[in-house]
2 protein chains.
Amino acid sequence: MTTQPASASRGPVTRKDVARYAGVSTAVVSYVVNGGPKKVAPATEAKVQDAIRVLGYRPNAAARALKLGSSETIGLVVPDNTNPFYSLLAHAVEDAAAELGYALLLTNSAGNLAKERRNIRNLAARQVDGVVLASVVFEPDLVDLESAEIPSVLLSHSDSQAEVTSMGVDLVEGARIAVEHLASHGHKNIGLAMGTTTGDEADGREQGWLKALADAGLPEGPIARSAFTREGGYAAGKRLLASAQRPSAIFASSDLQAVGLLRALHEAGLSVPGDIAVTSFDGSVEAEYSWPPLTTVEQPVREMAEAAVRALVGADRGEPPRHRVFPTRLLVRQSCGCP
Amino acid sequence: MTTQPASASRGPVTRKDVARYAGVSTAVVSYVVNGGPKKVAPATEAKVQDAIRVLGYRPNAAARALKLGSSETIGLVVPDNTNPFYSLLAHAVEDAAAELGYALLLTNSAGNLAKERRNIRNLAARQVDGVVLASVVFEPDLVDLESAEIPSVLLSHSDSQAEVTSMGVDLVEGARIAVEHLASHGHKNIGLAMGTTTGDEADGREQGWLKALADAGLPEGPIARSAFTREGGYAAGKRLLASAQRPSAIFASSDLQAVGLLRALHEAGLSVPGDIAVTSFDGSVEAEYSWPPLTTVEQPVREMAEAAVRALVGADRGEPPRHRVFPTRLLVRQSCGCP
DNA sequence: TCTGATCCTTGAGTCGATTCAGTGTTCCAT
DNA sequence: ATGGAACACTGAATCGACTCAAGGATCAGA
């Protein structure tokens, strides 16, 4: 008769196996594992812990989720994890979630509304305890869907929707300081490389640009609209260079666009900031390692991510929905013309 | 007496509610939902579908996972989702998984072995059907742990470990062509900005560099070792510039390092490729939008990710473990000195 | 030694979906 | 008309963990 090592037995180890091995009932195992209100005798606890170790027992999350109605998982919907802004966001959300014992289900929506909706449905079916929605497009529809299903928070949205908790920065003010900085260097013709937004109203960044211009008594500079991507920025840059009155400074509405813009400028043999100064928005690493390093408006992504997770499954859970505005900060580097 | 709209009732809708509403048994609902082997009469099916729609029923994934022993979820362990190489990988894995109806649990290990181990354990407890392990550090230990628990595949590893399926490129050959290209431009002193690896043996990229040098009858150039990051590349660049015999060309072992290297070069007032030519490894977008655009060795990340997912939960499931080598390709741009 | 309080531990039901064995129809062939 | 195959559907057990009500042991005080 061969004695199988207990740990090498077939199939997953269940709480029942542990109970049998430790010579107690399954309930005790639960109490030991979860540290419930019931007290377990130290000796018993030791036996159970031993059994757990020897058997290599690991609780079945599915069963736990079924019984508890919570999967200890949160979902994240981003347009594109390849975009450094979102990849940082995903990382930060994962960190914050892990801190609280939650896992992160990542989905990419490609900025596609239908796909986004499908992703949310999918997450809901998987019993996530909450979802963080980081979307470029803003559809009240989505929010309804969302909030009806599961707790959710919107990230990086300035629209203060009363119905849902959201985290974002003041886009208008952020853009304003970036453009104001350009104006303070003496620029009179400041262009805008703007990302296309779906809403009817102009994006806050465009308003901020306008505001800074007005504040400084400057005329409205040329605008080029394109996607919030490197390619978009590149195209916008080319158009801006070809415009009737070429600007001496350009504000790009995202770092990614600024990177593309920089390429267009370099290709045209222009020096930055010598010939054209540039500032942008987001504060991602890309901006730090571009050439020249970009002066950019930093969004506190990690803080926003943490706050989002806290609102979903952490200390701030259950608080009434509200829009939280996070402070931005101008990261002065070299693309603006500062020494 | 108020008649509550069925859909507005409290609590989640279960299969039981649907069954009651449709006037059938719960088993039938299952058959309708899953299209099992049993046939359901069209009329009955319609009734059930109707009930599902009206009630807004959505199957509980936890219960399903418990019963089926599969969560239709796969896990991904990357060192840092903020690194463009890994964020692309994560995106690609998510796409491939979604294609097959699987969701993606993302975890970051920070290149920390203990954390990585914890993440894997965590994923295992969550009943993932497989995990994709993209790790810089290579620990056989991990593999054991892994494969004992759940099907897994290693990504981007050249070590052909018989025990686990893995996907990777031929680092030696990839590096070789990048350095050979530099040599073909007439460079005699080619330096290396190498990432630090944990293994005892040199990383394949270093071997490739050596091989290309030997093939071309060139002497060994200066080496600077640092982290696989922008900062690391920057530091390596500074050291390389300060070395006794400054190289006229440098091969960086990753795009990220190349970006940092470029910064060091720019700061030193050197022109690329005029004063110093550069090539690197990975083929990420960062390399395309740097200035100048980097000539780099492309890794087919999407293909590798798809293959990994297929091996885990797709068509290739169950095939015997093997190491698949994917082809690399030199993306010629401007940093090498090509016109 | 008996009583009652204090502690531990157990049994059994539950969460929601799956699936198999079995019941009751229908319908065709003989 | 009848046997039986084909078909549509039902009932109940099951997956693993949680938890409440209840049972048993232990110990102090009298």
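Below, read A as the first sequence line, B as the second, and so on, with proteins coming before strands; counting in each chain starts at 1. As the structure is a prediction and not an experimental result, all values here were calculated from the model.
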Legend entry - Residue pair Ser109(B) / Glu116(B), side-chain donor-acceptor N/O under 3.5 Å: yes
Inset, instruction - Kindly point out which of dT18(C), dC8(C), dA17(D) is positioned nearest to the side chain of Asn34(B)? - result: dT18(C)
Inset, instruction - Under 4.0 Å between any heavy atoms, over every strand shown, what does Ala27(A) touch: base, sugar-phosphate, or nothing? Just pick one. - result: base
Inset, instruction - Specify the residue among Ala63(A) and Val28(B) whose closest nucleotide of DNA chain D lies further upstream toward the 5′ end. - result: Val28(B)
Inset, instruction - Measure the distance from CD on Glu72(A) to P on dA17(D) and round it to the nearest whole Å. - result: 14 Å
Inset, instruction - May I ask you to say what Val24(B) touches in the nucleic acid, namely base, sugar-phosphate or nothing, with a heavy-atom cut-off under 4.0 Å? - result: sugar-phosphate
Inset, instruction - Choose from dA12(C), dA17(C), dC8(C) the nucleotide whose nearest atom is closest to any side-chain atom of Arg64(B). - result: dA17(C)
Inset, instruction - Measure from the side-chain heavy atoms of Asn60(B) and tell me the nearest of dC20(C), dA17(D), dA17(C). - result: dA17(C)
Inset, instruction - Take the protein atom OH of Tyr31(A) and the nucleotide atom C1' of dG11(C), then report the distance between them rounded to whole Å. - result: 11 Å
Legend entry - Closest to the Leu66(B) side chain, choosing from dA17(D), dA12(D), dG16(C): dG16(C)
Legend entry - Side chain of Lys67(B) - closest among dT10(D), dA17(D), dA17(C): dA17(C)
Legend entry - Closest-nucleotide ordering on DNA chain C, the 5'-leading residue of Ser25(A) and Pro59(B): Ser25(A)
Inset, instruction - Could you tell me whether the side chain of Glu72(B) and the main chain of Ala103(B) form a donor-acceptor pair under 3.5 Å? - result: no
Inset, instruction - When you get a sec, tell me which of dC15(C), dA8(D), dT19(C) is the closest nucleotide to the side chain of Leu68(B)? - result: dT19(C)
Inset, instruction - Round to a whole Å and report the spacing from CG of Leu55(B) to P of dA17(C). - result: 12 Å
Legend entry - Nearest-angstrom distance from the residue atom CZ of Arg126(A) to C1' of dA17(C): 15 Å
Inset, instruction - Tell me whether the OP1 or OP2 atom of dA17(C) has a side-chain N or O from Tyr57(B) closer than 4.0 Å. - result: yes
Legend entry - Earlier contact from the 5' end, DNA chain C, for Pro42(A) and Arg15(A): Pro42(A)
Legend entry - Thr82(A) backbone acceptor or donor facing Asp80(A) side chain under 3.5 Å: yes
Legend entry - Straight-line distance of Leu105(B) CG to Arg126(B) CZ, nearest 0.5 Å: 6.5 Å
Legend entry - Nucleotide nearest Ser30(A) when distance is taken to its side chain, options dT9(C), dT18(C), dC18(D): dC18(D)
Legend entry - Side chain proximity check, Val78(B) to Leu106(B), heavy atoms < 4.5 angstrom: yes
